[in-house]
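The structure appears below as structure tokens.
Starting from 1, each residue takes its place in the sequence as its number. Counting convention: from 1, in listed order, for ligands and their atoms alike. Atoms considered below: every heavy atom in the structure, side chains included; atoms not considered: hydrogens, waters and symmetry mates. What you see is a predicted model, and the numbers here were worked out from it, not measured in a lab.
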Amino acid sequence: MDLGFYSGKKVLLTGATGFKGSWLAIILKKLGAEVYDYSLEPKTDDDNFVRCNLKNKINSYYGDIRNLDEFQDYINFVKPEIIFHLAAQSLVIKSYSQHIFTYETNLIGTVNLIEIIRRLNTVKQAIFITTDKVYSNLGNNKAFNENDPLGGIDPYSASKACAEIAIQSAIRSFFSEPSTCNIASARAGNVIGAGDWAENRIVPDIYRAIQNNSTLKLRNPNAIRPWQHVLESLFGYLALAIKLSTQDTVYQSAWNFGPESNRDYTVNDLILEIQKHLSFKYEYQNDTHIHEAKTLKLDINKSKSLLNWSPILSFEDTIKFTTDGYKADLEPKTEEEIYQSRIKQITEYMERMNAN
Ligand SMILES: NC(=O)c1ccc[n+]([C@@H]2O[C@H](COP(=O)([O-])OP(=O)(O)OC[C@H]3O[C@@H](n4cnc5c(N)ncnc54)[C@H](O)[C@@H]3O)[C@@H](O)[C@H]2O)c1
């Protein structure tokens, strides 16, 4: 992967105040890109964006992607060459209580961005981040590939499947040859890593239980999820944008990013592995009103063969990267120290990637 591609380029993110976007902003800064962001304000002072003082390290603007005019004005002002669209209402449980906001943000926000890119001629590559939950999951233990039917039982998954349809339609309707801009969608698995404090996500819940000295309540110990360190999928997105610059139309499509599909790790496996690094109290409880798939697995062969990307961290290393990163968060460190601890993990990850 020629990461020198990003040096000196104007890259706009949406969602850098969130977990994945904040890590991506740090990577891009390290790669020498000029980084811009358009997203809502961070939710808490614990957020990676705040702890790493990204407000003062990148060009950040607080705005709502549902507001077409404001969103367009900002992108028009920045004139980015590359866009990574990560802004979303990203939580399944919240999608039940914030039903309309979830569709407006995840679907209409995506359509707004497609429309803005159509109207501008500066953007050359745009990656739209959806999720592994876009597939119609009938619970038959299948590893989904990019040609599998889309679906979604909960509103979050359904809103992202809708966004996928809009993106695939836009590729055919607006961005097929000849086009100044190439776009693609990225469907990643459950990512973990330091700096995530989102509600009702298992790893942040563990750290909240530690902070509050409370007992963590867990659901579905046997549910299988494509756990992956956040850096794995982010380097996949970076590889995809580089490939989109080649103008080969094969890259204008959907891409899965996840661990190897023969790695079946359950919620309980995750808990036991994290317990090797730190102790916390937990118990399983039945919570039947929320639909959750028993298994979720991705077939990543397309990304491996055509993007030359593959996951490099073992399950054990994924957990170690995560727990090491959170240790820095929980200690009384300065913003610069936290930022440098992220840079250190990114550097270590890149060294492993190059050695692979
Ligand atoms: N975290 C995961 O495990 C995971 C897995 C698969 C896919 N994803 C997807 O990756 C992307 C990033 O996820 P994350 O975990 O960083 O989410 P997050 O909740 O931590 O961050 C979401 C970001 O979107 C922004 N945002 C939300 N609504 C907005 C609006 N109306 N206008 C402007 N900005 C808005 C927030 O301000 C924040 O910056 C999302 O699209 C999510 O659906 C995440």
Side-chain angles (χ1 to χ4, degrees), residues 12-26 37-44 46-50 54-55 58 60-68 70-71 74-75 83-95 98 100-113 116 127-135 144 152 154-164 167 185-205 225-234 236-237 254-259 270 296 298 318 322:
L12 181 124
L13 308 184
T14 68
T17 56
F19 168 48
K20 287 166 75 170
S22 57
W23 275 95
L24 186 55
I26 298 170
D37 176 57
Y38 182 96
S39 52
L40 299 179
E41 286 188 38
K43 290 206 174 104
T44 75
D46 285 330
D47 288 358
N48 202 31
F49 183 88
V50 179
L54 292 188
K55 182 80 191 153
I58 63 168
S60 149
Y61 179 89
Y62 296 147
D64 194 318
I65 59 172
R66 295 172 302 161
N67 183 334
L68 177 61
E70 190 183 12
F71 196 12
Y74 186 66
I75 296 184
I83 295 183
F84 292 94
H85 176 50
L86 295 102
Q89 193 302 92
S90 66
L91 303 171
V92 173
I93 292 181
K94 212 176 218 175
S95 73
Q98 299 197 358
I100 294 177
F101 177 77
T102 299
Y103 278 92
E104 283 181 348
T105 296
N106 296 358
L107 174 59
I108 303 303
T110 299
V111 173
N112 282 346
L113 182 55
I116 294 166
I127 311 286
F128 290 79
I129 312 309
T130 62
T131 172
D132 55 352
K133 296 191 175 64
V134 295
Y135 294 107
F144 296 105
D154 64 86
Y156 167 73
S157 306
S159 70
K160 286 282 188 170
C162 291
E164 272 288 346
I167 297 158
S185 69
R187 304 168 179 174
N190 289 48
V191 293
I192 60 175
D196 187 7
W197 292 98
E199 299 153 44
N200 293 308
R201 281 187 187 156
I202 190 163
V203 175
D205 283 348
R225 291 290 177 270
W227 313 112
Q228 183 163 61
H229 193 269
V230 62
L231 293 176
E232 304 258 42
S233 54
L234 295 181
Y237 305 163
W255 301 85
N256 284 346
F257 297 100
L270 182 86
L296 183 46
L298 291 175
T318 299
T322 302

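- Shortest contact from atom 43 (O) of ligand 1 to any protein heavy atom: Y156 OH, 2.6 Å.
- Side chains of F19 and V191 form a contact here, defined as non-hydrogen atoms less than 4.5 Å apart.
- Comment: E199 does not engage K43 in a salt bridge, judged by the lack of any side-chain N to carboxylate O separation of less than 4.0 angstrom.
- Closest heavy-atom contact between A25 and L54: CB-CD1, 4.3 Å.
- For the residue pair R201 / S90, a side-chain donor-acceptor distance below 3.5 Å is found, with atom types taken as modelled.
- Among all non-hydrogen protein atoms, the one lying nearest atom 3 (O) of ligand 1 is V191 N, 3.0 Å.
- The option with the heavy atom closest to atom 24 (O) of ligand 1, from among A163, S157, A186, A88, is A88.
- In this structure, atom 14 (P) of ligand 1 lies nearest to the protein heavy atom R201 NH2, 3.8 Å.
- Looking from atom 5 (C) of ligand 1 to the surrounding protein, the closest heavy atom is G189 O, 3.3 Å.
- Of the protein's heavy atoms, K160 NZ, 2.7 Å lies nearest to atom 41 (O) of ligand 1.
- Side chains of T14 and H85: a donor on one and an acceptor on the other come within 3.5 Å.
- In summary, the atoms of ligand 1 found under 4.0 Å from a heavy atom of N190, numbered by their order in the structure, are 3 (O).
- Between E41 and ligand 1, no N or O atom pair is found at a separation short of 3.5 Å.
- When only non-hydrogen protein atoms are considered, atom 12 (C) of ligand 1 lies nearest to L86 O, 3.5 Å.
- Only the backbone of T130 comes within 4.0 Å of ligand 1, counting heavy atoms alone; no side-chain atom from C-beta on gets that close.
- Under the 3.5 Å distance criterion, the side-chain polar atoms of D47 are left unmatched by any main-chain donor or acceptor of F49.
- In terms of N/O distances under 3.5 Å, ligand 1 is not approached by F101.
- Close contacts between ligand 1 and S39 involve ligand atoms 33 (C), 34 (N), 37 (O), 39 (O) [criterion: under 4.0 Å to a heavy atom].
- Under a 4.0 Å criterion applied to the non-hydrogen atoms of A188, ligand 1 contributes the atoms 6 (C).
- Note: an N/O pair closer than 3.5 Å links L40 and ligand 1 by distance alone.
- In this structure, Y237 has its ring center closer than 6.0 angstrom to the ring center of F257.
- Considering backbone and side-chain N/O atoms, T105 comes within less than 3.5 Å of an N/O atom of ligand 1.
- Of all atoms in ligand 1, listed by their number and element, those nearer than 4.0 Å to a heavy atom of G63 are 32 (N), 33 (C).
- Counting only N and O atoms by type, the side chains of T105 and Q89 include no donor and acceptor under 3.5 Å apart.
- Scanning I108, D64, N48, N106 for the heavy atom closest to atom 31 (N) of ligand 1 points to D64.
- Nearest to atom 32 (N) of ligand 1 by heavy-atom distance, out of I192, D47, I65, D37, is I65.
- Numbered from 1 in the order shown, with element, the atoms of ligand 1 that lie under 4.0 Å from a heavy atom of G18 read 16 (O), 20 (O), 21 (O), 38 (C), 39 (O).
- When each of N67, L12, I116 is checked for a side chain to side chain contact (heavy atoms under 4.5 Å, CB included) with Y74, only L12 meets the rule.
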Go through it in stages, so that I can follow the logic: the residues are L91 and N200, the test is side chain to side chain contact (heavy atoms under 4.5 Å, CB included), and I'd like the CA-CA distance, side-chain angles, deciding distance and then a yes or no. CA-CA 8 Å; L91 303 171; N200 293 308; 5.9 Å; no
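- For the pair K55 and Y62, the distance from NZ or CZ to the six-membered ring centre is under 6.0 Å and the angle to the ring normal is within 45 degrees.
- For the pair D37/T17, a side-chain contact is recorded, criterion being any heavy-atom separation below 4.5 Å from C-beta on.
- For A198, no heavy-atom contact with ligand 1 is shorter than 4.0 Å.
- S90 OG, 2.7 Å is the protein heavy atom nearest to atom 19 (O) of ligand 1.
- In this structure, the protein non-hydrogen atom closest to atom 36 (C) of ligand 1 is T17 OG1, 3.8 Å.
- Judged by distance alone, the side chains of K94 and Y156 never bring a donor and an acceptor atom under 3.5 Å apart.
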